[in-house]
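Structure record follows, encoded as structure tokens.
Just follow the structure's listing: the first ligand is 1, and inside any ligand the first atom is 1.
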Amino acid sequence: MSRIVVKVGSNVITRRDGMPDVTNMSSLVDQIATLRGLGHEIILVSSGAVACGRGAIRPSRMLDSVAARQLYSSIGQIRLINLYDSLFAGYGLVVGQVLTQKENFSSRTSYLNQRACMVTMLENGVVPIVNENDTASLTELMFTDNDELSGLIAAMMDADILIILSNVDGIYTGSPADSSSRLIERVAPGEDVSGNVVASKSGFGRGGMGTKCGIAGKLSDEGVAVIIARGDRRGVLVDLVEAPDKVPHTLFEPNPEPLSTVKRWIAHSAAFAKGCVRVNDRAAEALRSDRAVSLLPVGVISTEGEWEEGDIVTVFGPGGECVGVGRASLSSAETATAIGCRGARPVIHYDYLYIEQ
Ligand code: GLU
């Protein structure tokens, strides 16, 4: 049995006119029900609120992008979830709605609270359907897109597989429209294929292949298998899980040494860092080695920002390159006093330090 997070983009489940694509949604629900019947746990991350809302109302005056997103999502999310609810009910399955925002991932307490909620849903056989709380999210603190959200959810829920359903078969060696481009079928842990991605974004969604690639690389490195595939292929979901050779896709192979749950949270927390420490060459090299190394004050050159013990801080090398991110065990004031000291307590303990690959 696997725990699988499935992410569907607006383009897979809404028609060109902005109305829900009931045919694609029904097929998706049918496949999720089949996977549930085979014993898998499924969490659905579904976009489409804004797109569905846009098809349902014509605003009385020109709206700026924030007001438009709020208006459309307030209407569209209800339609989306109602449709899912009735489609899943046809298979005897109960769905629950999880609307979240980036702040919910910023502190360990709210992170664990959100996790506990979804664990309870799964224990009770409920299919969680997750989306960003688009009516309340602040523009500057939004998820890049639901690909980012699905990555956070997959990491938080210790998923075995994240399946991102898109409108192409996966990552190509060039533009998917170009006949000389080839589908990349497997990406090894740590391999960077982002150079192949042609910057383009389709239709209603906010995301693009660039973000998908970045998220897939990061998650697979943490130990979660990530699959990018085309969402409107018949039976795609069930095939990807039960007979993957039958369907074209890109698989980002999981790192055989998965990160601990707390390191996964830290890995995705850089956006909430309260400050940063700059370290010298020797420290940067030691942190990047295969050894379990904590960040000690002796390796620190300088600090920036103010933080308390337990806050997230980023670690930069002497040239300004990001080395990693961690949960501080010293405040910024304590760190500043201890700079260069030998034998002092760690600034970040190894167990709470995530090193960028
Ligand atoms: N949360 C947005 C919606 O439901 C979609 C964001 C995205 O396109 O990834 O419309």
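The pair Asp145-Lys7 fails the salt-bridge criterion, with no side-chain N (NZ, NE, NH1 or NH2) lying under 4.0 Å from an Asp/Glu carboxylate O. Salt bridge status for Glu148 with Lys102: present, with a side-chain N to carboxylate O gap under 4.0 Å.
Remark: ligand 1 atoms within the under-4.0 Å shell around heavy atoms of Ser47 are 4 (O), 5 (C), 7 (C), 9 (O). In the vicinity of Asp145, heavy-atom distances shorter than 4.0 Å reach the ligand 1 atoms 9 (O). The ligand atoms of ligand 1 that sit less than 4.0 angstrom from a heavy atom of Asn131 are 1 (N), 3 (C), 4 (O).
Panel note: side chain Ser220, backbone Pro189; no donor-acceptor pair is recorded below 3.5 Å.
Close to ligand 1: Gly48, with a non-hydrogen atom less than 4.0 angstrom away.
Remark: among candidates Thr144, Asp134, Thr211, the nearest residue to atom 2 (C) of ligand 1 is Asp134, based on non-hydrogen atoms.
Within a 6.0 Å radius of CD in Glu191, other residues, nucleotides and ligands contribute more than 12 heavy atoms.
Relative orientation of the Tyr84 and Phe88 rings is tilted, given thresholds of 30° and 60° on the angle between their planes.
At least one N or O atom of Ala49, backbone or side chain, sits closer than 3.5 Å to an N or O atom of ligand 1.
There is no side-chain donor-acceptor pair under 3.5 Å between Asp134 and Gln77.
Contacts of Asn146 with ligand 1, taken as heavy-atom pairs under 4.0 Å, involve both backbone and side chain.
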